[in-house]
Amino acid sequence: MNAPTSLTARHSLDTTVFRARRDELARRLRAAGGGVAIVPTAPEAHRNRDTHYPYRHDSYFYYLTGFREPEAVLLLVVDGDSTQSVLFCRAKHEEREIWDGFRYGPDGAREVFGFDEAHAIDVLADKLPGYFGNRGAVWHSVGYDTQWDARVFEAINAVRAASRSGQVAPADIRDVRGVLDEMRLIKDAHEVAVMRRAGEISGRAHARAMRATRPGRFEYEIEAELLHEFRAHGAQAPAYTSIVAGGANACVLHYVENDCALRDGELLLIDAGCELDGYAADITRTFPVNGKFSGPQRDVYELVLAAQYAALAEARPGQPYDRTHEAAVRVLAQGMIDLKLLSGSLDEVLESGSYRRFYMHRTGHWLGMDVHDAGEYKQAGNWRPLVAGMVITIEPGCYIRPADDVPEAFWNIGIRIEDDVLITPEGHDILTLGTPKTVNEVEAVMADR
Ligand code: GLY
Ligand code: MN
Ligand code: MN
């Protein structure tokens, strides 16, 4: 069947990138002995009574297919030199499509997305044993979803039950995520382009939030400005729940209530990024509600910014992953001593870890389809070296809760500065560079309200 033009037009993605990833996965599975990989998309999640949460595909599944409908499963059968990619998806259904919208159906999906075979999802359980027989290994997200574990075991048992007809059940169940995580860790050109755009849109949202902020407005009003900018530029959703934290709320690292009034003289910390075509941006900016940093606010802000620059200076190929964190911690620890938040020498503060009272998280993480993206941070016990194509965040902070032994001028100052950084052969490229960041840049944007 030829896909109708209206069907191809729905999907602006170049599906060749997804085919290339399936080919690469097949190559890696072949090198590891072959077998059949089973990669399901995410289930729909019930919210209350007959309402669902907005649907979000599974990242691994999307990475290999580009297919965003629920109720879909990819099988990649790697047998000797041959590779077969098989999609199971919802059948066409005239009435359901009137109520819930368009479905590709197996034929349409095969044509548009380039699978070798496609079938209705309803026949998956019947067909699965046929793909598992004589394959040696099943590659699967072991233990991720007990229902899928059970389905895999059921299919293996069905093969075993047919052993007298010459079928041999897979002897190995292996985790496909290790192979996929290594692929996902190095972003291809398509991914970098989407992430750059996600960073631009998110940066615009932060600038819009700065312009919208003034004393008396509420955190949720500013959250609405972020969302407006995300959707106005085609991003599908926030990549994670936006943190819009005024004053003392900034010292709650995962604050998401976003329901307080913003007060003159306080700071506003916003950690928010959009999800665009399956990829996350992750930006934090902190700025004064009234548009002008106070002396103590500026002191802490400049310290966190200096820590970020120190970390960025280590962001290049060959550097162990942890080097950015070490660099940020060193600058922050010295600054905390200088601001009389801590006593002792730099070595003592680093050795004892007393800086953790004010800086209790790490300086970043992998970023990609998931905001805390796939991939191991250590190999054979050592921090892995950065490689061109990785994307990391660099996000130092300083969070000062009121206490008798802390100068009162710094109470309730919570600051984080976070950017998204692509490692390049020459060093790095900040994907969120356009987001106002220095004291002068932030104050200039806010003066323009
Ligand atoms: N927004 C989540 C994080 O910064 O890790
Ligand atoms: Mn982050
Ligand atoms: Mn963040």
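Note that the structure is predicted; figures quoted are calculated from it, not measured. Residues: numbered from 1 along the sequence shown.
When side chains are defined from C-beta on, L339 counts as touching V300, because their heavy atoms get closer than 4.5 Å. Proximity of E275 to F230: side-chain heavy atoms (C-beta onward) are nowhere separated by under 4.5 Å. Looking at heavy atoms from C-beta onward, V73 lies in side-chain contact with L124 at the 4.5 angstrom threshold. Using a 4.5 Å heavy-atom threshold, the side chains of S141 and V176 count as touching. Counting heavy atoms from C-beta on, the side chains of M336 and C398 come closer than 4.5 Å. By the 4.5 Å heavy-atom criterion applied to side chains, V179 and W139 are counted as neighbours. I283 has its side chain within reach of R285: a pair of non-hydrogen atoms, C-beta onward, lies under 4.5 Å apart. Here the side chains of V36 and L29 are not in contact, with every heavy-atom distance at 4.5 Å or above.
Put simply, SG on C89 and CD1 on I121 are 7.5 Å apart, with the number rounded to the nearest 0.5 Å. The distance from atom CG of D264 to atom CZ of R214, rounded to the nearest 0.5 Å, is 12.5 Å. Going from atom OH of Y377 over to atom CG of L185 covers 8.5 Å, rounded to the nearest 0.5 Å. The CG atom of L342 sits 9.0 Å away from the CG atom of D405 when rounded to the nearest 0.5 Å. Interatomic distance, NZ of K187 versus CG of L422, reported as 9.5 Å (0.5 Å rounding). For the atom pair CZ (R27) and CE (M183), the distance works out to 9.0 Å, reported to the nearest 0.5 Å.
Contact check on E24 versus R28 returns a salt bridge, with a Lys/Arg side-chain nitrogen under 4.0 Å from an Asp/Glu carboxylate oxygen. Taking the charged nitrogens against the carboxylate oxygens, D419 and K437 do have a contact shorter than 4.0 Å, which makes a salt bridge. Look at D145 and R151 and you find no salt bridge, because none of the NZ, NE, NH1 or NH2 atoms lies under 4.0 Å from a carboxylate O. For E266 and R263, the salt-bridge test passes: some basic side-chain N is under 4.0 Å from an acidic carboxylate O. With salt bridges taken as basic N to acidic carboxylate O contacts below 4.0 Å, none links D322 and K378.
Closest heavy-atom contact between H57 and A42: C-CB, 3.9 Å. Minimum interatomic distance between L276 and V194 (heavy atoms only, all atoms of both residues): O-CG1, 3.3 Å. Heavy-atom minimum distance, P170 versus V138: CG-CG2, 3.5 Å. Between D181 and A374, the shortest heavy-atom contact is OD1-CB, 3.2 Å. Between P436 and V445 the shortest heavy-atom distance is CG-CG2, 3.7 Å. The two residues S202 and G273 make their nearest non-hydrogen contact at OG-CA, 3.6 Å.
T16 and D14 are linked by a side-chain donor-acceptor pair at a separation below 3.5 angstrom, with hydrogens and angles left out of the test. Between the side chains of Y399 and R416, at least one donor N or O sits under 3.5 Å from an acceptor N or O. Donor-acceptor pairing under 3.5 Å is recorded for the side chains of D271 and Y240. Between the side chains of H365 and E395, at least one donor-acceptor pair of N or O atoms lies under 3.5 Å.
In summary, of the residues considered (T363, L367, I423), a side-chain contact (heavy atoms from CB on, under 4.5 Å) with I392 occurs for I423 alone. With R30 as the fixed residue, the side chain to side chain donor-acceptor pair (under 3.5 Å) test singles out one of D79, T83, D81: T83. Partner of V421 under the side-chain contact (heavy atoms from CB on, under 4.5 Å) criterion, out of D429, T324, I394: I394 alone. Here the options are T213, N258, N249, the test is side chain to side chain donor-acceptor pair (under 3.5 Å), and the partner is E219; only N249 passes.
No more than 12 heavy atoms of other residues, nucleotides or ligands lie within 6.0 Å of CD in E351, so this atom counts as exposed by the packing criterion. Counting heavy-atom neighbours within 6.0 Å of R19 CZ, excluding the residue itself, gives a total above 12. Atom CD of E376 is surrounded by 12 or fewer heavy atoms from other residues, nucleotides or ligands within 6.0 Å. Shown here is H46, whose NE2 atom has more than 12 heavy atoms of other residues, nucleotides or ligands within 6.0 Å.
Of the possible polar contacts, none joining the D282 side chain to the V371 backbone as a donor-acceptor pair under 3.5 Å is found. No donor-acceptor pair under 3.5 Å is formed between the side chain of Y279 and the backbone N or O of R196. Judged by distance alone, the side chain of R197 and the main-chain N or O of I201 form no donor-acceptor pair under 3.5 Å. Between the side chain of R217 and the backbone N or O of A212, at least one donor-acceptor pair lies under 3.5 Å. Between the H428 side chain and the A315 main chain, a donor and an acceptor come within less than 3.5 Å of each other. Judged purely by atom type and a 3.5 angstrom limit, R21 uses its side chain to pair as donor or acceptor with the backbone of Y63. D370 contributes no side-chain N or O that, together with a main-chain N or O of H372, makes up a donor-acceptor pair within less than 3.5 Å. In this structure, the side chain of Q334 does not engage the main chain of V331 through any donor-acceptor pair within 3.5 Å. For the pair Q236 (side chain) and D277 (backbone), a donor-acceptor distance under 3.5 Å is present. Between the side chain of E443 and the main chain of F293, a donor-acceptor pair closer than 3.5 Å is present.
A cation-pi arrangement is absent between R298 and Y301, since the terminal nitrogen or guanidinium carbon is not both under 6.0 Å from the aromatic centre and inside a 45° cone about the axis. For the pair R184 and Y60, the cation sits on the ring face: its NZ or CZ lies under 6.0 Å from the ring centre, inside 45° of the axis.
A ring-centre distance under 6.0 Å is found for H361 and Y359. The aromatic ring centres of F18 and Y62 sit less than 6.0 Å apart. Ring centroid separation for the pair Y321 and W366 comes in under the 6.0 Å cut-off.
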Evaluate E69 against R90 for salt bridge (Lys or Arg N to Asp or Glu O under 4.0 Å), listing each step before the verdict. CA-CA 8 Å; E69 288 181 25; R90 297 182 306 188; 3.5 Å; yes

R56/S59 under side-chain hydrogen bond (donor to acceptor under 3.5 Å, both in side chains): CA gap, chis, key distance, verdict: CA-CA 9 Å; R56 167 58 158 76; S59 296; 3.3 Å; yes

Determine whether T284 and I270 satisfy the following criterion, side chain to side chain contact (heavy atoms under 4.5 Å, CB included), listing intermediate values before the conclusion. CA-CA 5 Å; T284 308; I270 296 180; over 6 Å; no

Decide yes or no on side-chain hydrogen bond (donor to acceptor under 3.5 Å, both in side chains) for D420 and T393, but give the supporting numbers first. CA-CA 5 Å; D420 304 344; T393 66; 5.7 Å; no

Applying side chain to side chain contact (heavy atoms under 4.5 Å, CB included), run through V244 and L268 and close with a yes or a no. CA-CA 7 Å; V244 183; L268 175 59; 3.8 Å; yes

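Note on ring orientation: taking the six-membered ring where Trp is involved, the planes of F115 and F113 are parallel (angle under 30°, cut-offs 30° and 60°).
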